[in-house]
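One structure is given below, encoded as C-alpha cells.
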Amino acid sequence: MVYLYAMDTLGLSSDLADYRGMVPESRLYQLSVLTREERLRSLAAELLFQRAVRRHCREVPLPVSRDQDEHGKPYLLGRPDFQFNLSHSGLWAVCAVAPVPVGVDIQQERPVSVKLSRKFTAAEQQSLQGLTGPSELRRIFDLWTMKEAYTKCIGLGLLCPFRSFEAEHPAPGYSTQLVDFPAGDYHLAICTRSEEPEDVQIIIMPS
C-alpha cells in the first residue's frame with residue numbers, strides 16, 4: 001500500500017515564524033531564502049512529511065530532520081521501513097509513503113514545447129504521433145511524471161537520462177503508475193520497487 005498525502009498551499013501562512021516547533025529550524029532557514037510561491041510549496045511538502053512521520057512512526061519525536069543520500073534522495077535515519085518521497089507543483093504538494101522504495105511526481109499541466117518529447121525513447125515518441133493539442137499535452141505530462149517518479153524511486157534523479165528507459169516499463173522489479181488526482185489539471189505518478197503497482201490511498205491534509 002502507498003499512502004499519498006496531499007496538501008494545497010492556499011491556507012498556509014507566508015510567515016515562517018508561524019511554523020516554529022512544527023518544522024526544524026534548519027529547514028525554516030532553508031525555506032526563508034526561496035521565493036514566496038516556492039516557499040509555500042516546499043513548506044507544504046515539509047508539513048506533509050512531518051505529519052506522515054507522526055502517523056507511521058509515532059515513537060519518533062517531532063519535528064524531525066530528514067537525511068539525504070549522496071544523490072539527494074531523502075530518507076528517515078534508522079527507519080528503513082518508512083520509505084517516502086516528496087513532490088510539489090502549482091498549488092499542491094504530495095508525500096508518498098510506502099514499505100518499499102517509492103518515488104512520486106506531481107506536475108501542473110501547462111504549455112510546454114513539443115521539443116520536450118525528444119527526451120523520450122523512440123517508442124514513446126512514436127506513441128505521440130497523431131496526437132495534437134490537449135491530447136498530446138496530456139500524454140507528454142503522463143510520460144514525464146512517470147519518468148520523474150522512477151528516477152526519484154531509484155534515487156538518481158537527473159543522473160538517469162529519460163531516454164534510457166520506458167516510462168511505463170522502466171526496469172525489472174519496478175512499477176510505475178498514473179494516479180487520478182482530485183485537482184483536474186494535475187498529473188500524478190508513483191513508482192515503487194515492486195513487481196506490480198501498489199494500491200494507492202490518497203489522503204488530503206488540511207493546510
Side-chain angles (χ1 to χ4, degrees), residues 1-10 35 37-38 40-42 44-45 48 71-73 85-96 98 100-204:
M1 170 71 77
V2 176
Y3 295 92
L4 194 284
Y5 299 99
M7 178 191 295
D8 68 42
T9 63
L10 295 175
T35 64
E37 292 76 14
E38 187 66 19
L40 290 176
R41 286 191 290 263
S42 296
L48 287 174
H71 299 303
K73 183 175 174 62
N85 201 237
L86 305 167
S87 183
H88 53 68
S89 179
L91 296 175
W92 285 91
V94 292
C95 174
V100 296
V102 62
V104 64
D105 190 57
I106 187 171
Q107 295 287 338
Q108 184 176 28
E109 190 174 296
R110 57 199 182 277
V112 295
S113 171
V114 294
K115 293 180 180 179
L116 190 67
S117 65
R118 295 177 182 174
K119 296 181 178 293
F120 299 159
T121 66
E124 290 166 343
Q125 292 182 49
Q126 183 66 32
S127 75
L128 291 168
Q129 297 297 313
L131 299 179
T132 59
S135 296
E136 182 181 34
L137 193 60
R138 282 195 297 271
R139 178 62 175 166
I140 288 174
F141 271 94
D142 284 347
L143 291 171
W144 190 270
T145 53
M146 282 189 285
K147 284 178 176 287
E148 287 274 13
Y150 170 69
T151 61
K152 294 172 73 175
C153 182
I154 64 175
L156 291 182
L158 296 177
L159 294 176
C160 182
F162 277 10
R163 294 193 66 181
S164 67
F165 65 93
E166 301 286 340
E168 290 155 319
H169 307 286
Y174 289 88
S175 297
T176 56
Q177 60 180 308
L178 296 170
V179 179
D180 289 333
F181 193 68
D185 61 340
Y186 287 78
H187 295 251
L188 177 70
I190 288 175
C191 178
T192 50
R193 194 168 72 186
S194 54
E195 294 296 335
E196 298 292 336
E198 301 278 342
D199 292 333
V200 178
Q201 181 180 349
I202 298 179
I203 304 163
I204 305 297

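FYI, the numbering just counts along the sequence from 1.
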_Side-chain heavy atoms of Val104 within contact of Leu4, under 4.5 Å_ = yes

*Close side-chain approach of Trp92 and Ile204, heavy atoms under 4.5 Å*: yes

*Which heavy atom of Gln107 sits nearest a heavy atom of Phe141, and at what distance?*
CB-CD2, 3.8 Å

_Any side-chain to backbone donor/acceptor pair from Ser135 onto Leu131? Under 3.5 Å, distance only._
no

_I'd like to know if the side chain of Ser87 and the backbone of Val94 have a donor-acceptor N/O pair within less than 3.5 Å._
no

*Donor-acceptor contact below 3.5 Å, side chain Glu198 vs main chain Met1*: yes

*asked:* If the condition is side-chain contact (heavy atoms from CB on, under 4.5 Å), which residues does Thr9 pass it with, not counting sequence neighbours?
replied: Leu12, Leu40, Arg41, Ala44, Leu91

*What closest approach, in Å, do Glu136 and Leu128 show between heavy atoms, and which atom pair accounts for it?*
O-CD2, 4.1 Å

*Rounded to the nearest 0.5 Å, how far apart are SG of Cys160 and CZ of Phe165?*
5.0 Å

*Under 3.5 Å, is there a donor-acceptor pair between the side chain of Arg163 and the main chain of Lys119?*
no

*What heavy-atom pair brings Gln177 and Pro197 nearest, and what distance separates the two atoms?*
NE2-CB, 3.6 Å

*asked:* If the condition is side chain to side chain donor-acceptor pair (under 3.5 Å), which residues does Arg139 pass it with, not counting sequence neighbours?
replied: Ser127, Glu168

*Write down the atom of Phe181, the atom of Leu188, and the distance for their closest heavy-atom approach.*
CD1-CD2, 3.8 Å

*Search all heavy atoms of Ala149 against all heavy atoms of Asp105 and return the closest pair with its distance.*
N-CB, 4.0 Å

*Keeping to residues at least two apart or across chains, list the side chain to side chain donor-acceptor pair (under 3.5 Å) pairs with something in residues 142-155.*
Asn85-Lys152, Glu124-Lys147, Asp142-His187, Trp144-Glu148

*Roughly how far apart are Glu166 CD and Phe120 CZ, rounded to 0.5 Å?*
11.0 Å

_Closest heavy-atom pair and its distance - Gln108, Asp185_ = NE2-OD2, 3.2 Å

*Report the distance from atom CD1 of Ile190 to atom CD1 of Ile106, rounding to the nearest 0.5 Å.*
10.0 Å

